[in-house]
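To find a chain, count down the sequence lines: A is the first, B the second, and so on, and within it residues start at 1. Every value quoted in this text rests on a predicted model; they were computed, and no experiment measured them.
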2 protein chains.
Amino acid sequence: MTTKELKQVERKPRGRPRAFDTETALDTGQRLFHTSGYESVGLAALTDALGVKPPSFYKAFGSKAEFFSLVLDRYARSVLTLDDILLPGRAPVDAMAALLESAASTYARDPHQRGCLVLEAVRGLQDDESVLYARKIADSRRVQIREFIAQTHPECAAAATDYVASTLSGLSASAREGMNEARLLRVAEVAVAGLRQLLQPEGRDVTD
Amino acid sequence: MTTKELKQVERKPRGRPRAFDTETALDTGQRLFHTSGYESVGLAALTDALGVKPPSFYKAFGSKAEFFSLVLDRYARSVLTLDDILLPGRAPVDAMAALLESAASTYARDPHQRGCLVLEAVRGLQDDESVLYARKIADSRRVQIREFIAQTHPECAAAATDYVASTLSGLSASAREGMNEARLLRVAEVAVAGLRQLLQPEGRDVTD
DNA sequence: GGATTTTTATAGTGACCACTAAAGAACTTA
DNA sequence: TAAGTTCTTTAGTGGTCACTATAAAAATCC
């Protein structure tokens with residue numbers, strides 16, 4: 001009776017109801033993929049963890065790669081959200097510093113989910129569908145970054161974006177190799193120093 | 001009669017002679033692994049390219065992982081040789097600049113062998129033998145770098161090494177994603193700027 | 001030439017991979 | 001209750017993985 005979802009809430013769907021929750025499944029899948037990597041998580045392990053038999057999984061998600069694509073979208077929406085970092089009016093160097101330092105913290109925070117799910121997926125077996133999905137997300141985020149920087153620094157937006165993208169890949173790789181948060185933060189700090197010279201080559205006020 | 005190898009040159013080994021050359025096999029394997037990655041190169045593709053049937057391959061090399069380990073050693077000896085970069089008396093910042101810029105060039109030079117074979121292998125399936133071999137090589141190179149920097153900058157050798165290691169991973173990842181040499185070199189340049197501040201925080205002579 | 005040694009080729013091994021055909025079970029609609 | 005719809009279960013599919021048992025072939029040793 002309240003004004004929740006207007007459609008498909010009262011009226012139940014026709015057939016046998018699904019025995020598992022999609023959101024829970026995506027969450028479990030995200031955890032598995034982030035811990036072990038897309039290729040390492042076999043369908044058997046995946047369906048076991050989800051408490052779902054393969055045919056149900058395929059009925060619901062189509063394929064392992066499509067399921068992964070949903071997981072990637074979900075992850076990209078919830079982690080290092082660019083809308084919270086690329087704030088209007090914020091100096092690019094400050095935004096990039098925030099991004100790199102947040103990444104350093106995020107990538108090392110949970111010892112079982114090190115690095116970035118998207119950036120690590122980008123390096124999977126090269127002509128796999130999962131890699132295409134991950135690249136699409138990574139690319140769109142890089143476009144966002146480049147356009148943000150280009151608002152104030154059009155001449156070096158491309159270079160700065162390349163540098164940030166490369167640094168994020170490096171941070172993710174280092175996190176996966178076991179580098180802890182403190183070390184990653186120092187790496188990010190040095191990276192920001194380089195970026196500061198690129199984005200503000202003159203007129204730095206040395207305050208320390 | 002000349003003073004070549006003193007042992008096992010005149011006297012031939014007893015059984016049926018090997019029908020392929022080990023060095024050629026390692027070279028072919030290196031090319032395959034570097035192009036497609038360790039996991040992507042199946043044993044069938046590998047033995048086909050080598051012109052060798054599986055039993056011969058296993059007689060000669062033991063396993064795919066052991067073969068890969070030989071390939072890694074060979075690669076590490078021939079690419080970005082640290083002995084040519086960490087020259088005695090050279091300022092660490094100059095050595096690291098040379099390393100990062102050489103890496104940028106090397107990683108993008110051959111479009112079919114992008115990135116670093118070792119660093120990409122480090123990010124394989126986590127408890128695979130191939131990853132252990134790659135990590136061992138990467139670790140020993142990082143120790144070399146850290147000890148070189150520590151000679152003149154003991155207080156920040158660890159941080160600088162972390163930064164260089166992370167940057168190299170980023171460059172390798174970016175190269176594999178298709179970033180060309182010019183762009184990678186600009187990334188390396190910005191990275192060096194950051195490193196310069198870490199290693200020479202005061203007394204920089206600004207010459208441009 | 002015959003014995004010994006080593007590598008070769010033939011032809012598979014079982015294990016795992018992502019995925020599915022067929023039929024039963026649980027629900028809504030009429 | 002019967003029909004229709006959708007999901008779940010059982011039990012597999014063919015394909016690929018790294019790897020190997022067996023025996024023939026090619027060399028040296030005596």
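Nucleotide C:dT13 holds its P atom 18 Å from the CG atom of B:Leu43, rounded to whole Å. Between A:Phe57 atom CZ and D:dT9 atom P the separation is 15 Å, expressed in whole Å. In this entry the distance linking CG of B:Leu46 with C1' of D:dC17 reads 13 Å, nearest Å. Rounded to an integer number of Å, the gap from NZ of B:Lys59 to P of D:dA18 is 21 Å. Across the protein-nucleic acid pair, B:Asp48 atom CG and D:dC19 atom P stand 16 Å apart, rounded to whole Å. At whole-Å resolution of the value, CZ in A:Phe67 and C1' in C:dC19 are 16 Å apart. Rounded to whole Å, the distance from OH on B:Tyr38 to P on D:dC17 is 13 Å. Regarding A:Lys12, its NZ atom lies at a distance of 15 Å from the P atom of C:dA26, rounded to whole Å.
Panel note: side chain B:Ser172, backbone B:Leu168; no donor-acceptor pair is recorded below 3.5 Å. A donor-acceptor pair under 3.5 Å is formed between the side chain of B:Ser174 and the backbone N or O of B:Gly170. Put simply, the side chain of A:His34 gets close to the backbone of A:Gln113: a donor and an acceptor are under 3.5 Å apart. No donor-acceptor distance shorter than 3.5 angstrom exists from the side chain of B:Lys136 to the backbone of B:Val131, with no hydrogens or angles considered.
Considering only side-chain N and O atoms, B:Lys53 lies under 4.0 angstrom from the phosphate OP1 or OP2 of C:dT10. Phosphate proximity of D:dC7 to A:Arg18: present, with a side-chain N or O under 4.0 Å from OP1 or OP2. In this model, the phosphate group of D:dT20 is not approached by any side-chain N or O of B:Tyr58 to a distance below 4.0 Å at OP1 or OP2. Residue A:Ser56 places at least one side-chain N or O under 4.0 Å from the OP1 or OP2 atom of D:dT8.
Between the side chain of B:Arg14 and the base of C:dT6, no donor-acceptor pair under 3.5 Å is found.
If you check every strand for non-hydrogen atoms under 4.0 Å, B:Pro55 touches a base. Contact annotation for A:Phe61: no contact, since no heavy-atom pair falls under 4.0 Å across all strands. Counting any heavy atom pair closer than 4.0 Å across all strands shown, B:Lys64 reaches sugar-phosphate atoms only and no base atom.
Of the two residues near DNA chain D, B:Glu39 and B:Arg16, the one whose nearest nucleotide lies more 5' is B:Glu39.
Comment: B:Asp162 does not engage B:Arg146 in a salt bridge, judged by the lack of any side-chain N to carboxylate O separation of less than 4.0 angstrom.
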